[in-house]
Asks: 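Pasting a structure here, questions to come.
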Amino acid sequence: MAPPLSELFRATLSVSCSKTIVIASLILGLICVGSYLRWKRRIASYPPGPPPDPILGNARQLVKIDNQERAFAGWERTYGDINYLSVFNKSILVLNSFSAARDLLEKRSAIYSSRPTLVMLCEMMGWGDILVHLQGGPKFRKHRKIIQDRFSLRALEKYAALQRQEAYKTLLDIGNSPDDVLMHLKRFVCGVILNITYGHKVESITDPLVVNGDKATSNSVNIGGPGSLLVDLIPILKYWPAWMPFSDFKRHALYTRALVDDLMNTPYNWVKSRMAAGTAAQCIAVELLETMNNQTGPYREGETIDEDDVKRIAGVLYGAATDTTGSTLATFLLCMIRNPGVFKKAQEEIDRVIGNDRLIDYDDKDSLPYFAAVLREVLRWGCPVPLGVPHRLVEEDNYRGYVVPGGTTILANAWAMTRNRAMYPSPDTFDPERFFGLEKMESEACQQVEAVFGFGRRICPGRFFAESNIWVLMTNLIATMDVGKAVDEKGREIDVTAEYVGSFVRHLKPFKCRVGYRSEKARVLVEQANLLHN
Ligand code: HEM
């Protein structure tokens, strides 16, 4: 008997279904193999790096790393000095050598000077539209020019009196409460920049502007560091409701945003009210507000500045200057404690050249070459921003025969560059003398330390100012004080270890030390300088 029609239909359907499934699976398989081969071919054209997984890229390797600069530097032995990575669909190029960074970020700066979009920091925490994160265009040029002009070598002269005065106050504070030396260094950095920017005098570290500013920057860099969060890879996560599970990042961003808004608005509004009352001190914010009101200025003809420009130009300075310079000053002190021979030699140079009858001033700079080498070595050894601030390549490029895709995030590993063994033998040893000797090498070795300030069109515009702050405080500290290891209750010296924390800007964990006037004469000099200048 012939099967019923419905059965025949079902049987035919089932056969044709299985056929369809087989064919679909084959097509899918072919697509997958094709995509896989295309992906393999594509990554083979990129610079070498640790092998990525399909789709995830190098995410698996990256999450296991807790010290990126060290791990990236280690890859150089296996893959060479430029390493390509990917995380999901984002490309990253790590530059471990000064020559590669110079080739790309300086010689090809026209295409390597943008910034990646950092969703967490810029969009969620409110750091967008400040120079550090501006990607390019007229606003970038305007902000960059305004800041660069105010912190150029030539402009520094007008800050010298304030820097000197703040350095003398810091020495007095250290003399009065030596156990709080790290706090005093921090007050110095905040005091100088807040005075220059807003005309605000910082008497103590408990100043509300400092407390809030500190919270805003530390909350931003410690948890919102570039690329450290998933939301930077999957931007849609920024809409994740704060009441949902796994929303710690969202709550943290909201909390930090309030601090960042406060950092931008509170001192700005304070300056405006002082201007209205006719009591505002001369400072960058006042100068820009006056320029805004007159609509004249040092930026490009026809460009104007508005309130938001002023707020953000002033606001970026606190964030960019304090953490970095503060970290360097703490490293300086630690290096002096751990290397008493270096400290002694720097003191002997000062005693020989300046004597003990006066404090040191900027005019003395050229006569203290040993101190200059010490400062260079502190920057090299401490490397406060180890991976720099990421740059972004705007269009596809070719370098050494490799393809670098447009949109790639570029990380210049300043830590690896300043620990390059060929240039700096025994790189972990703190040794200022490495900058003396072979004429050519000496200048090249000095130049490479500049990597700590970044590269090309984005190089730190505050670098001369930062160095002059550190210079005036540290030369005078060495001239008037002795430093050494603290002792415990049994009189034994307490060892100081260099333990850095923080992902973006590295900071030393607080350490104990002994610091105080080296003589009665030195104490009198500091007290007199304070009476005269403060
Ligand atoms: C030891 C102290 C400092 C270090 C190590 C440092 C380091 C850096 C680095 C690595 C960059 C990124 C450069 C790049 O993208 O290639 C940068 C950018 C910047 N720094 Fe500094 N900095 C220091 C002090 C300062 C000071 C005192 C100021 C302000 C007066 C300042 C203002 C800025 C600004 C505004 C940018 C953004 C520039 C841009 O994106 O175009 N920095 N700094």
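Remember, it's 1-based here, ligands and their atoms both numbered in the order they're listed.
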Asks: Below a 4.0 angstrom heavy-atom separation, can you tell me which part of Arg463, side chain or backbone, both or neither, approaches ligand 1?
Replies: neither
Asks: If you have a sec, work out which protein heavy atom is nearest atom 27 (C) of ligand 1 and how many Å separate them, to one decimal?
Replies: Ala321 CB, 3.4 Å
Asks: When rounded to the nearest 0.5 angstrom, what distance separates OG1 in Thr475 from CZ in Phe371?
Replies: 5.5 Å
Asks: Short N/O distance, under 3.5 Å, between Thr328 and ligand 1?
Replies: no
Asks: At less than 4.0 angstrom from any non-hydrogen atom of Pro384, what atoms of ligand 1 do you find?
Replies: 5 (C)
Asks: With a cut-off of 4.0 Å, which atoms of ligand 1 are near a heavy atom of Val452?
Replies: 5 (C), 7 (C), 10 (C)
Asks: When you measure from the side chain of Glu377 to the backbone N and O of Asp431, does any donor-acceptor pair fall under 3.5 Å?
Replies: yes
Asks: What is the closest protein heavy atom to atom 15 (O) of ligand 1, and at what distance does it sit?
Replies: Arg115 NH1, 2.8 Å
Asks: Backbone or side chain, does any N or O of Thr325 fall under 3.5 Å from an N or O of ligand 1?
Replies: no
Asks: With ring centroids as reference points, do Trp415 and Phe72 lie under 6.0 angstrom apart?
Replies: no
Asks: Could you tell me if any non-hydrogen atom of Glu467 lies under 4.0 Å from any atom of ligand 1?
Replies: no
Asks: Suppose I only count heavy atoms of Phe140 and a 4.0 Å limit; which atoms of ligand 1 are within that range?
Replies: 41 (O)
Asks: Short question: side chain of Ser367, backbone of Asp364 - any donor-acceptor pair under 3.5 Å?
Replies: yes
Asks: Is any side-chain heavy atom of Met120 closer than 4.5 Å to one of His252?
Replies: yes
Asks: What protein heavy atom sits nearest atom 37 (C) of ligand 1, and how far off is it?
Replies: Val132 CG2, 3.6 Å
Asks: Can you sort out which atoms of ligand 1 are near Val389, meaning under 4.0 Å from one of its heavy atoms?
Replies: 11 (C), 12 (C), 15 (O)
Asks: Just which atoms of ligand 1 are under 4.0 Å from any heavy atom in Ala466?
Replies: 2 (C), 24 (C), 27 (C)
Asks: Purely on distance, is any nitrogen or oxygen of Arg458 under 3.5 Å from one on ligand 1?
Replies: yes
Asks: What are the atoms of ligand 1, with element, lying closer than 4.0 Å to any heavy atom of Gly454?
Replies: 10 (C), 13 (C), 14 (C), 16 (O)
Asks: Where does Phe453 meet ligand 1, judged by heavy-atom distances below 4.0 Å: at the side chain, the backbone, both, or neither?
Replies: both
Asks: Has the side chain of Ser97 got a donor or acceptor atom that lies under 3.5 Å from a matching backbone atom of Ala100?
Replies: yes
Asks: Would Phe455 count as being in polar contact with ligand 1, using the rule that some N or O on each side must be under 3.5 angstrom apart?
Replies: yes
Asks: Considering Ala320, Gly326, Pro461, which one's heavy-atom position lies nearest to atom 36 (C) of ligand 1?
Replies: Pro461
Asks: If we only count heavy atoms from C-beta on, is the Tyr46 to Leu93 side-chain gap below 4.5 Å?
Replies: no
Asks: Dump the intermediate steps for ring pair (Phe, Tyr, Trp, His ring centres under 6.0 Å) on Tyr84 and Tyr399, then the final yes or no.
Replies: CA-CA 12 Å; Tyr84 180 84; Tyr399 181 56; over 10 Å; no
Asks: Of all the non-hydrogen atoms in the protein, which one sits nearest to atom 38 (C) of ligand 1, and at what distance?
Replies: Arg144 NH1, 3.4 Å
Asks: Quick one: nearest non-hydrogen protein atom to atom 28 (C) of ligand 1, plus distance?
Replies: Gly462 CA, 3.6 Å
Asks: Using a 4.0 Å cutoff against the non-hydrogen atoms of Phe465, which atoms of ligand 1 qualify?
Replies: 27 (C), 30 (C)
Asks: Do Arg380 and Tyr424 meet the cation-pi criteria used here (NZ or CZ under 6.0 Å from the six-membered ring centre, within 45° of the axis)?
Replies: yes
Asks: Starting from atom 21 (Fe) of ligand 1, what is the nearest protein heavy atom, named by residue and atom, and what distance separates them?
Replies: Cys460 SG, 2.3 Å
Asks: What distance separates Glu287 CD from Gln282 CD, expressed to the nearest 0.5 Å?
Replies: 7.0 Å
Asks: Ring of Phe435, cation from Arg376 - is the NZ or CZ under 6.0 Å from the centre and inside 45° of the axis?
Replies: no
Asks: Are Asp81 and Arg400 close enough, and set up right, to give a salt bridge (charged side-chain N to carboxylate O under 4.0 Å, His left out), and what steps lead you there?
Replies: CA-CA 12 Å; Asp81 61 338; Arg400 297 186 192 161; 2.7 Å; yes
Asks: Checking the side chain of Thr408 only, and the main-chain atoms of Pro405 only, is there a donor and an acceptor separated by less than 3.5 Å?
Replies: yes
Asks: What about the rings of Phe465 and Tyr159, do their centers lie closer together than 6.0 Å?
Replies: yes
Asks: Should one rank His133, Gln148, His391, Glu106 by closest heavy-atom distance to atom 16 (O) of ligand 1, which comes out on top?
Replies: His391
Asks: Please write down residue, atom name and distance for the protein heavy atom closest to atom 23 (C) of ligand 1.
Replies: Thr324 OG1, 3.3 Å
